[in-house]
Amino acid sequence: MKKIILLGYMGCGKSTIAQKLSGIVSIPYIDLDEYIEKKVKMSIKEIFESQGEIHFRKLEHTYFLELLNSPDEIIIGLGGGTPCYANNHELLIGEGVVSVYLKASIDTLFNRLVANKSKRPLIADKNNEEMKEFIAKHLFDRSFYYNHAQHKVNVDGKTIEETVKDILNLLA
Ligand code: S3P
């Protein structure tokens, strides 16, 4: 069954957009981070702190594959780093998959993340200046992987509804 995959940098709006899309197309939405948290009974923050990022990346790959191989039609919201590890980017173009990169500018991401960083171990301890520089470099490094998605939707300056409409046009 078809999998719709939404990907993009932390703060690009994956969860909110996926939830809205899910309600419209009546396909269940699963957030990969939440799925991992349920499976290992720990928060992402706790996994990073107690077992480290490499262990998290292994879990992320395992559970991404598990969702892709499930028999159900689902919308999967990836973590910001998912496409960039364990060759996960190659899974964005498989059969029965529709992948959409939600592309946001550094400014959009910064503005969204600045108020909402505590649950995100990669940026939680950075001040504003460090965070902006981190996002700029990190986004540059990650773009190679994000660009493997089959489709790209720009989210800058758009409402959730407008972005969802763009995705619906792609799916039509
Ligand atoms: C990460 C993004 C997070 C989460 C983890 C690592 C990343 O997901 O998977 O903190 O490497 O960008 P969100 O993009 O949903 O914040």
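All ligand and atom numbering here is 1-based and tracks the order in the structure.
Rounded to the nearest 0.5 angstrom, Leu68 CG and Ile74 CD1 are separated by 7.5 Å. Here CZ of Phe56 is found 8.5 Å from CG of Leu122. Values are rounded to the nearest 0.5 Å.
For ligand 1, one of its N or O atoms has an N or O atom of Arg120 under 3.5 Å away. Annotation: Phe56 places no N or O atom under 3.5 Å from an N or O atom of ligand 1; distance criterion only. When only interatomic distances are considered, the shortest N/O to N/O separation between Gly80 and ligand 1 falls below 3.5 Å. Between Asp33 and ligand 1, a contact under 3.5 Å exists for at least one N or O pair.
At least one side-chain heavy atom of Arg142 sits less than 4.5 Å from a side-chain heavy atom of Tyr9. Taking 4.5 Å as the limit, every side-chain heavy atom of Tyr145 sits out of range of all side-chain heavy atoms of Asn88. Residues Met10 and Leu109 form no side-chain contact, since every pair of their non-hydrogen atoms from C-beta on lies 4.5 Å or further apart.
The proximity of Arg142 to ligand 1, defined as any non-hydrogen pair under 4.0 Å, is limited to the side chain. Only the side chain of Lys14 comes within contact range of ligand 1, with a heavy atom under 4.0 Å; no backbone atom does. Contacts with ligand 1 closer than 4.0 Å are made by no heavy atom of Asp31, backbone or side chain. Residue Glu34 does not touch ligand 1, judged by heavy-atom distances below 4.0 Å.
In this structure, the protein non-hydrogen atom closest to atom 5 (C) of ligand 1 is Ile44 CG2, 3.9 Å. Distance from atom 7 (C) of ligand 1 to its nearest protein heavy atom, with residue and atom name: Gly81 N, 3.3 Å.
Close contacts of ligand 1 with Arg57, meaning ligand atoms under 4.0 Å from a residue heavy atom, involve 6 (C), 7 (C), 11 (O). Of all atoms in ligand 1, listed by their number and element, those nearer than 4.0 Å to a heavy atom of Pro121 are 10 (O).
Distance alone, capped at 3.5 Å, is enough to place a donor-acceptor pair between the Asp31 side chain and the Glu34 backbone. Within the 3.5 Å criterion, the main-chain N or O of Ser99 finds a donor-acceptor partner in the side chain of Gln150.
Between Leu7 and Ala149, the shortest heavy-atom distance links the atoms CD2-CB, 3.9 Å.
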